[in-house]
Amino acid sequence: MSTDYGHDLLFGTFVTPTNHPAHQAVEQAVVADEAGLDLVTFQDHPYVAKFHDTWTLMAYAAARTSRVRLAANVHNLPLRPPAVLARAAASLDLLSGGRVELGLGAGGFWDGVGAMGGPRRTPGESIEALDEAIQIIRGIWDTESRGGVSVRGRHYDVHGARRGPAPAHPIGIWVGAYKPRILRLVGRAADGWLPSLAYLQGGVSDLTEMNRRIDDAAEAAGRRPTDVRRLLNIGGRFAAQRGGFLQGPPAQWAEELAEVALTYGTSGFVLASDDTTTTQTFAAEVAPAVRELVAAARAS
Amino acid sequence: MPSYGHTLRFGVEVRAPAAAPGVVVEAAVLAEQLGADLVLLPEGEDEGGLDAWSLATWTAGRTTTAHVGATRLDPLARPASTLARAAASLQLLSGERALLSLAAGEDPRRLVAAEETVAVLRAMQDTSQPRAPLRGTHQHLDGAEPGPALDREVPVWLHGSHEKAAALAGRVADGWMVDLAELSDERDQAQELARLTAALDSAATGAGRDPREVRRAAVLRADDPLDTDGLVALAVDHGISVLVLPVDGAAGLTARDRYLLERIAPTVRERVEDALPPGTLTDRPVRRADVRARRRPGIAYDEVPESLAGATVEPGDSAFARVRSTYLRGGDPGLVLRPGTVGEVVEAVGFARSHRHLPLGIRSGGHGISGRSTNDGGLVIDVGRLDDITVLDEAARLVRIGPGARWRDVATALQPHGWALSSGDYGGVGVGGLATAGGIGFLGRAHGLTIDHVRAVEMVLADGSLVRASATEHPELFWAVRGAGANFGIAVAFEFQVDQVGDVGWAQLAFQVDDAAAYLQAFGRVVAATPRRTTPFLILSRGVAHVMAMVDSSDPDEIVADLQPFAEIAPLVQQQVVVAPYAAVMNMFPESPHAGRGEPVSRSVLVREITPAFAAASADLIASGAAHWYQIRSVGGAVADVPADATAFAHRDAGFSLTVMGADAGRVDRWFDRVRAHAQGLYLSFESDPDPARVVEAFPPATLERLRRLKAELDPDNLFRDNFPIVHHGTRSAS
Ligand SMILES: Cc1cc2nc3c(=O)[nH]c(=O)nc-3n(C[C@H](O)[C@H](O)[C@H](O)COP(=O)(O)OP(=O)(O)OC[C@H]3O[C@@H](n4cnc5c(N)ncnc54)[C@H](O)[C@@H]3O)c2cc1C
């Protein structure tokens, strides 16, 4: 079986936003940039004191890099008011020449969110809030439409908010999601899907069923399944000896990732790495090899 | 009329339309080049402006010296808790150039939200307080983890050209921003300003604050004629200390903007200084009342020399959490001075002299085993910022190193030259403490102690004089510093002759040990027969021994030949042997902030050999469970090549150094006294017992007498006494 949503492949890293040493995460972004990766991403946990504020880290890293795209992986929505986030994303996109994508999550770690003064939401509420937030964000970015943005939701009540700025490029809204209801939201409203392999109980094969839910929801909403890019957070270790999944030499990684790309239509691989050598190896020896294998298979 | 003592600063506030992001950033960068002290990016009310925070952060990434601030932030728009983390990140990433200013508009909701936001920002920066909930109308905290601990808090300003904003700033903020264009009438500006500042001052005083805690910033009118007299008057008559030029970001810096920054600013600065009594204006930080409230008795906080004032840490400061304790010991000093130059060290010593009644700790890397580089209620002089590493003479392998450098950084800097300097087993240890005491390290048998490589040392003495000691200059001090340096002054630079060291063999072996005494004796025998290029350390616990050994050779045959006899002592359960640079071994553990708690309990002895009686007493100690750490380091070799009277570290005949650590001093000593019975001296860097008897064990009689003679000459008041004082605590030394 094979799936292909037709997107070009993206390779990136998933960097711990540690604030000690203060510039470590920025340096890792620079490493990704110089290594030629497409993407560098950071998790967003504002309730953790040893992490940087992810938005500030991204903006600073963006100023220190020149080609790589940046995204949160993924933003904690309950602590990031959508209108502010939308304007911030558009602004940074303008400043960076179109290098920003918007990773969004419904939230989690509710004790941490509550401690920071944020709302505690049930899973259902958090998806509802995400839905409303995406509407607000798209509304702010849409400077073509007339009048202010109004989304009178249960969680956000925006009434006639001014629009703008419009981003430099169509920023992708990539959502971290696993359960059926939020996957339906992804299919209906998102531009990308960003799950972590570590959270898939059945491993990569879980992607089939989840993809199907997104596809169905997309079609039901009058969109195409290809409107939603499929990304995947991965972890692994380079080793001389072949071992388990992503435990071995770069060539093994390339085969395995190409297989995932061709089987499940995954077109973005985001590797958890805080290590320069690992990032460089991924960029130099894995990414091009996967691209080649996938291109060859797509051509045949 | 008022001056609040703040030096005058100039800034720009660049309005940032989304249409021209490149022009906005260019204007900000250029303003910095033209001398602007602050570059401010406002949150736009207008359609489609750029997000101030993103823009300020981006600008911080593109500038190097100016303070960068996001201004006019709507306190209703975002959770203050998240803003606090964002501010901390900007502060860390920008190198302490962050600033934020909240819009305290006339709308009462905004005023309330601004006040609540300031409270949340303060609570989030205060890592010393319990996580009290804060419940406001708009902003809440409910047990959030405060932090990160910053060296310098991010100044929080309030912006509002009306009395309520001024008064609120007086009560809670670090600064107040007023738009001159918003004052009712240009002609009445002076009167209006006077009224607002008076409101600010009285609100500050009413809240128990010092009005100087609040900096005053004025945004000039866009059409201000920029007459020098008017600007001088703002500063001199109204105490405005930040003059902010509004810049239209779509147009970039105009000729007029440049003219202000380049020409007018210096003139105004000069004239303001002339107009005020000399010494009125300082960069001395004005601490908030709540910070001053945590000061300790007996310290003349307001008399800290000007040059040091910006680099001191008091108990109420946000940086305190990071400097109060050392690696192993919890502390609560009253004041930490952090000089950044030798001149500042001299000033710090002068300040310490006038506080002779308080404990004084000298700190370089904060890794002292006894932890005396912190204290309770006293002073600490921390020379961690003096951390330069410079090669002086490539051919002679002469390297100058500041006391604040860590051995990890030294190793990393020397590696590209093919050099190494034996230090210890842990890369985080500081140069200052170790190089004034000994330095028993992994290259010890091959190359000697760290102090054996010192060719010169520069030291600030108790009387504030700076002396250079070497074989030919102040030779007696040179002798003393190498083993008992902490008694004589603060070392501010060392010159070392380092060794040519290629890759080394690095082994980590683990053994199953059924009979600790027998194992120890066998270990001692094998070490005695091992070539001096190899230096093994042993950590023994119940049932297990870990041997770590460095071979100064990259030849696998030599490495294996030296290690093989160790592998035969007992059943080997784990082994890892690599050939690696010395620097790789020093970099095994990353740095983390010091967070020691309680009192360390560490005991040291030096022995010539591992005798059956010493081994038996050791085995009993290990079996007792009173100690959680029992480590033997081999010494001898090159260490023993140096005559006993060549340095104040005199126990040159020692074959082994033992360190024992436990939690309870009484319990440890019950067992350790039996081990100590077999000792021939101790190494003070591994000892924490304050009993003066330990000093006598650290220094043989002739050494101690010679040290005391020099002490009486150089430090008769016993200023330097934090760690193993050679004369008794508090007393003047006999002369
Ligand atoms: C994990 C660990 C591993 C260690 N390993 C080794 C080892 O392998 N070999 C070894 O020999 N030692 C070792 N030590 C001990 C270490 O060398 C000493 O504790 C040393 O004093 C630490 O230096 P510091 O600058 O980091 O300490 P600090 O705590 O800053 O200072 C300790 C003391 O040194 C004195 N001092 C500090 N700076 C100066 C200065 N500039 N001028 C004059 N006196 C000063 C003061 O009396 C101060 O109290 C180790 C310690 C630790 C915690």
Side-chain angles (χ1 to χ4, degrees), chain A residues 17 19-26 44-65 76 78-81 83-97 100 111-118 120 140 143 162-168, chain B residues 16-19 21-22 24-25 45-62 74 77-95 98 120 124 127 131 133-136 139-149 590-593:
Chain A
N19 57 30
H20 191 90
H23 285 94
Q24 181 173 304
V26 177
D44 182 25
H45 299 290
Y47 31 79
V48 178
K50 64 177 193 226
F51 285 169
H52 272 306
D53 169 62
T54 296
W55 190 262
T56 308
L57 172 61
M58 273 176 61
Y60 194 86
R64 291 307 183 101
T65 50
N76 184 292
L79 291 171
R80 304 269 176 202
V84 177
L85 189 57
R87 287 194 235 280
S91 298
L92 192 54
D93 199 52
L94 287 163
L95 286 163
S96 66
V100 172
D111 285 344
V113 170
M116 294 284 279
R120 284 173 196 268
I140 299 278
T143 50
R162 68 184 166 87
R163 295 176 188 271
Chain B
V24 173
V25 175
E45 284 297 312
D46 48 335
E47 195 90 350
L50 291 172
D51 171 57
W53 196 262
S54 306
L55 184 55
T57 308
W58 176 279
T59 304
R62 294 288 168 104
D74 181 356
R78 44 173 81 67
S81 55
T82 313
L83 181 61
R85 297 268 202 252
S89 284
L90 186 56
Q91 184 76 331
L92 290 169
L93 291 168
S94 68
V120 168
M124 292 290 286
T127 50
R131 306 168 181 188
L134 260 170
R135 283 200 191 84
Q139 299 288 354
H140 328 272
L141 273 189
D142 197 359
E145 181 188 7
E591 187 57 20
S592 55

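Source: prediction; values computed, not measured. Here is the naming used below: chain letters follow the sequence lines, and residue numbers restart at 1 for every chain.
Side chains of A/W55 and B/S89 form no contact here, defined as non-hydrogen atoms less than 4.5 Å apart. At least one side-chain heavy atom of B/P79 sits less than 4.5 Å from a side-chain heavy atom of A/P81.
Both the backbone and the side chain of A/H52 have a heavy atom closer than 4.5 Å to some heavy atom of chain B. The parts of B/P593 that come within reach of chain A are both its backbone and its side chain, each placing non-hydrogen atoms under 4.5 angstrom from that chain. Only the backbone of B/E591 has a heavy atom closer than 4.5 Å to any heavy atom of chain A. Heavy atoms of A/T54 lying under 4.5 Å from chain B are absent altogether. Interface residue B/S592: only backbone heavy atoms are found under 4.5 Å from chain A. When heavy atoms are compared at a cutoff of 4.5 Å, B/W53 approaches chain A solely by way of its side chain, counted from C-beta outward.
Interface summary for chain A: among B/A60, B/G147, B/A144, the most heavy-atom pairs under 4.5 angstrom belong to B/A144. Counting heavy-atom pairs under 4.5 Å between each of A/I140, A/L85, A/V48, A/V26 and chain B puts A/V48 at the top. Of all the listed residues (B/L83, B/V25, B/L55, B/T127), the one sharing the greatest number of non-hydrogen pairs under 4.5 Å with chain A is B/L55. When each of A/D53, A/L94, A/L92, A/N19 is checked for heavy-atom pairs under 4.5 Å with chain B, A/D53 comes out on top.
Within the structure, the salt bridge (Lys or Arg N to Asp or Glu O under 4.0 Å) test picks out no pair touching residues 52-62 of chain B (sequence neighbours left out).
Residues B/T57 and A/T56 come closest through the heavy atom pair CG2-O, 3.2 Å. Among all heavy-atom pairs drawn from B/P146 and A/A49, the shortest one is O-CB, 3.4 Å. Listed here is the closest heavy atom pair of B/D51 and A/A88: OD2-CB, 3.4 Å. Of all heavy-atom pairs spanning A/L79 and B/T82, the tightest one is O-OG1, 3.6 Å. Between B/S54 and A/A59, the closest heavy-atom pair is O-CB, 4.0 Å.
If you take CG on A/D111 and CG on B/D142, they are separated by 10.0 Å, rounding to the nearest 0.5 Å. Note: B/S94 OG to A/Y60 OH = 7.0 Å, rounded to the nearest 0.5 Å.
Side-chain N or O atoms of A/H23 include one that pairs as donor or acceptor with a backbone N or O of B/L93 at under 3.5 Å.
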Next on the checklist: I'd like to know whether B/R85 forms a side-chain contact (heavy atoms from CB on, under 4.5 Å) with A/H45, so could you lay out the CA-CA distance, the side-chain angles of the two residues, the decisive distance to 0.1 Å, and finally the verdict.
Outcome noted: CA-CA 10 Å; B/R85 297 268 202 252; A/H45 299 290; over 6 Å; no
